[in-house]
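Only one structure is covered here, and it is reproduced in the block below.
Worth saying up front: this structure is predicted, and the values here are computed from it rather than measured. Counting starts at 1 for both ligands and their atoms, following the listed order.
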Amino acid sequence: MSIIASDVNAILKYSLNAINPYQLLRSALLYQSDNTLCVQGRAYKLRNNVKLIAAGKAVGGMVRAVQDLIGDHVIKGVVSLPLGYTDTFKNRKDLYPLPSPKVNIFEGGKDNLPDEQSLTASRAIYQLADGASIDELIIVLLSGGASTLTSLPISGLSIDNKRFICSSLSQRGASINELNTVRKHVSLLKGGKLVQLCQPAEVLTLILSDVINDPLDIIASGPCYPDSSTGAEFLAILHKYEITSLISRSIIDSILQTSSYRYPPLVSTPQHVIVGNNKLALDGAMEYAIKLGYDGFIWSSKVSGSVVEVASFYAAFILHSVLCIFPHDKIGLKHEAMERCLKVLGISSTEDSITIQSLYESYHEILTSVSSEKVCLLSGGEPVVKVKGDGKGGRNQELSLRVGINLDLIYDNFSCILDGIVNLEKFREFWDLISIEFASVGTDGQDGPTPVAGAKLSQKFMRDNEKYRDFIHSSLSRNDSFTLFSKLGYEQYLIHTELTGTNVMDIHLILISV
Ligand SMILES: Nc1ncnc2c1ncn2[C@@H]1O[C@H](COP(=O)(O)OP(=O)(O)OP(=O)(O)O)[C@@H](O)[C@H]1O
Ligand SMILES: O=C(O)[C@H](O)CO
């Protein structure tokens with residue numbers, strides 16, 4: 001592995017340390033000797049009156065932190081974890097709940113989709129919440145993946161039905177906002193319904209965010225946050241993704257009838273605290289990149305939209321960054337090169353796309369600072385893939401693959417992109433000489449239904465695999481990025497972290513070293 005490729009792994013590993021759920025929770029909570037738990041200015045009197053509800057890919061460590069701090073006060077708990085969590089983490093003191101007869105641990109949600117096992121866990125959550133009394137404090141711990149792990153469908157809808165709705169929306173490229181808007185309408189625990197069940201107890205919700213901008217009504221489908229989405233919005237999403245037929249007309253009608261129902265005011269307003277998010281992971285990664293001698297820049301923690309556009313932009317941005325450090329360019333024309341490059345990649349105007357626009361704005365700020373010979377550019381978020389083929393892959397692997405293909409397209413079109421801007425021969429030589437690495441990785445360690453977290457590759461990916469060009473393109477058209485990278489070089493291209501026990505969306509990383 002080249003030095004720069006091993007730097008990718010080291011930087012990513014470091015970023016995961018920064019979002020260790022156990023540490024984040026310990027930092028958020030203060031327990032005083034008078035049995036008071038203090039959280040962001042609010043105090044809770046503890047007297048063996050705490051119930052725990054936890055769901056998500058990262059809550060194992062969050063539960064453990066609560067147990068280590070105030071375990072004596074916990075009288076009951078239900079923890080809903082993803083399938084395989086116990087096998088991976090049972091020996092990790094910072095990532096697995098302390099075994100206790102008071103705390104029931106469930107696993108489910110194969111491939112991040114509702115199933116019978118997640119249904120069993122969700123029923124247990126329902127029961128725990130339903131029996132709460134006024135002197136109790138219910139601590140709700142949430143992280144990404146919680147929607148699947150709290151899937152209790154409304155009456156008339158089966159869990160198989162619900163799985164099909166979720167997988168269809170996800171595969172057709174619905175955003176997390178759209179997906180969770182639908183989930184809220186078809187579930188008995190989401191969209192503030194869990195907090196209603198918990199009444200009259202006090203509710204404290206601690207959240208590791210895996211959604212852009214940390215929206216409390218969307219993360220985990222907002223089980224403790226009032227839902228402001230309407231029945232009309234729900235229906236519009238079903239129509240947009242052509243899945244109206246997956247839900248019977250009578251159920252849709254009853255959802256529309258009840259969606260305007262406003263619950264009675266809560267006895268006490270629940271507190272919501274975000275304990276960590278994608279930005280923290282990027283900060284952690286940058287800290288380490290700087291230690292390794294890179295000039296580090298965090299670009300954005302809000303990358304969304306289609307991977308097709310995002311991949312085009314990253315590739316164009318790589319070219320632009322290289323122009324910034326290329327010693328012989330005509331400085332004023334780099335912007336022109338960027339525009340030509342985006343055109344070659346099929347993006348005619350940055351104004352066409354909100355995603356690209358937001359990246360484009362921050363990119364200007366960053367580029368004025370790129371002058372070092374060792375640059376690390378970091379961003380994060382969660383773009384979407386419209387899965388059309390029957391291949392095996394994930395959005396991170398597909399993003400990396402598309403960046404690799406785009407970098408090759410740029411290389412083939414150097415003459416038109418760089419005409420009048422640089423000496424072509426010298427620039428081509430420079431491009432081949434320097435190390436460029438792009439990586440995209442899911443912080444939960446699982447990219448789509450594959451056993452890896454993401455993929456990384458260099459600017460020479462296509463040329464290194466010259467004889468497989470057709471295979472690469474056909475694999476992409478089948479959304480078969482995992483199979484492709486496994487065949488071309490599992491170790492070289494795929495990033496394997498195992499399940500990480502945390503989850504704050506994806507990290508995108510560009511390393512350039514002269
Ligand atoms: N073959 C494939 N190629 C590319 N992307 C795929 C493929 N199959 C599924 N995906 C994408 O994987 C995503 C689902 O991945 P995953 O289950 O890791 O969800 P997640 O968003 O990380 O979960 P959560 O937000 O609940 O933590 C969807 O965006 C889907 O489009
Ligand atoms: O579980 C969910 O709803 C997603 O991971 C977003 O939080």
Side-chain angles (χ1 to χ4, degrees), residues 55-59 80-83 109-114 118 122 142-151 163 166-184 187 189-191 205 207-223 225 241 274 277-278 304-308 310-311 380-402 440-455 475-485 499-507:
K57 295 177 185 177
V59 296
S80 179
L81 295 168
L83 211 62
K110 187 171 182 311
D111 293 334
N112 203 11
L113 288 169
S118 64
S122 309
L142 298 171
S143 72
S147 289
T148 291
L149 297 168
T150 56
S151 41
R163 180 172 52 246
C166 294
S167 69
S168 304
L169 281 169
S170 168
Q171 299 236 331
R172 289 171 195 201
S175 68
I176 190 67
N177 291 50
E178 292 171 323
L179 174 59
N180 284 5
T181 299
V182 171
R183 280 167 159 167
K184 284 190 274 186
S187 168
L189 292 174
K190 301 179 168 73
T205 308
I207 304 161
L208 182 60
S209 168
D210 72 329
V211 180
I212 290 169
N213 292 328
D214 307 336
L216 297 174
D217 60 333
I218 295 294
I219 303 165
S221 305
Y225 200 82
Y241 293 99
I274 299 281
N277 56 18
N278 184 267
S304 62
S306 146
V307 282
V308 179
V310 173
E382 199 168 90
V384 291
V385 173
K386 272 188 192 149
V387 182
K388 291 190 178 139
D390 57 358
K392 192 165 177 181
R395 61 173 177 261
N396 290 283
Q397 291 158 83
E398 184 155 329
L399 177 62
S400 292
L401 178 57
R402 285 183 182 277
S440 181
V441 63
T443 52
D444 58 7
Q446 191 184 21
D447 186 27
T450 74
V452 297
S475 298
L476 178 63
S477 68
R478 280 181 282 109
N479 301 104
D480 207 14
S481 51
F482 173 72
T483 318
L484 172 76
F485 284 129
L499 287 181
T500 60
T502 188
N503 184 14
V504 294
M505 300 187 284
D506 305 335
I507 296 178

Does the N or O separation between [X] and ligand 1 drop below 3.5 Å for any pair?
{"X": "Gly393", "result": "yes"}
{"X": "Gln171", "result": "no"}
{"X": "Asn479", "result": "yes"}
{"X": "Ser481", "result": "no"}
{"X": "Gly448", "result": "yes"}
{"X": "Asp210", "result": "yes"}

Looking at [Y], is its backbone amide N or carbonyl O close enough to the side chain of [X] to form a donor-acceptor pair, meaning the two atoms are under 3.5 Å apart?
{"X": "Arg478", "Y": "Asp390", "answer": "no"}
{"X": "Asn180", "Y": "Ile218", "answer": "yes"}
{"X": "Thr450", "Y": "Gly393", "answer": "no"}
{"X": "Lys190", "Y": "Ser147", "answer": "yes"}
{"X": "Asp447", "Y": "Asn396", "answer": "yes"}

4.0 Å heavy-atom contact, Val384 with ligand 1 =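 Judged by the 4.0 Å heavy-atom criterion, Val384 does not count as contacting ligand 1.
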task = Determine, using heavy atoms of Glu382 and all atoms of ligand 1, whether some pair is separated by less than 4.0 Å.
result = yes
task = Heavy-atom cut-off of under 4.0 Å around ligand 2: list whichever protein residues fall inside it, by chain and number.
result =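 Protein residues near ligand 2 are Gly144, Gly145, Ala146, Ser147, Ile176, Asn180, Arg183, Asp210, Val211, Ile219, Ala220, Ser221.
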Is [Y] close to [X] at the side-chain level, that is, under 4.5 Å between some pair of heavy atoms?
{"X": "Asp444", "Y": "Asp210", "answer": "no"}
{"X": "Thr148", "Y": "Arg183", "answer": "yes"}
{"X": "Lys57", "Y": "Leu499", "answer": "no"}

Can you name the nearest heavy-atom pair linking [X] to [Y], along with the distance?
{"X": "Phe485", "Y": "Ala455", "result": "CE1-CB, 3.6 Å"}
{"X": "Ala58", "Y": "Leu208", "result": "CB-CD2, 3.6 Å"}
{"X": "Lys110", "Y": "Leu83", "result": "CB-CD2, 3.8 Å"}
{"X": "Val310", "Y": "Ser304", "result": "CG2-O, 3.5 Å"}
{"X": "Leu149", "Y": "Gly56", "result": "CD1-N, 3.6 Å"}

inquiry  = Can you check which of Asp111, Asp480, Asn112 brings a heavy atom nearest to atom 16 (P) of ligand 1?
reply    =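 Nearest heavy atom to atom 16 (P) of ligand 1 lies in Asn112.
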Closer than 4.0 Å to some heavy atom of [X] - which atoms of ligand 1 meet that?
{"X": "Ser170", "answer": "28 (C), 30 (C), 31 (O)"}
{"X": "Glu398", "answer": "3 (N), 4 (C)"}
{"X": "Gly391", "answer": "1 (N)"}
{"X": "Lys57", "answer": "22 (O), 23 (O), 24 (P), 27 (O)"}
{"X": "Pro449", "answer": "8 (N), 9 (C)"}
{"X": "Gln446", "answer": "18 (O)"}
{"X": "Asp444", "answer": "22 (O)"}

query = Pick from Ser122, Ser187, Ser80, Ser221: which one makes a side chain to side chain contact (heavy atoms under 4.5 Å, CB included) with Ser151?
reply =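 The residue from Ser122, Ser187, Ser80, Ser221 that satisfies side chain to side chain contact (heavy atoms under 4.5 Å, CB included) with Ser151 turns out to be Ser122.
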For [atom], closest protein heavy-atom neighbour:
{"atom": "atom 31 (O) of ligand 1", "value": "Val385 O, 3.2 Å"}
{"atom": "atom 10 (N) of ligand 1", "value": "Val387 CG2, 3.8 Å"}
{"atom": "atom 29 (O) of ligand 1", "value": "Arg395 NH1, 3.7 Å"}

task = Indicate, as side chain, backbone, both or neither, the part of Thr148 found under 4.0 angstrom from ligand 1 when only non-hydrogen atoms are considered.
result = neither
key: Crowding at OH, Tyr225 (>12 non-hydrogen neighbours, <6.0 Å)   = no
inquiry  = Under a 3.5 Å cutoff, is there a donor and acceptor pairing between the side chains of Ser209 and Asn277?
reply    = no
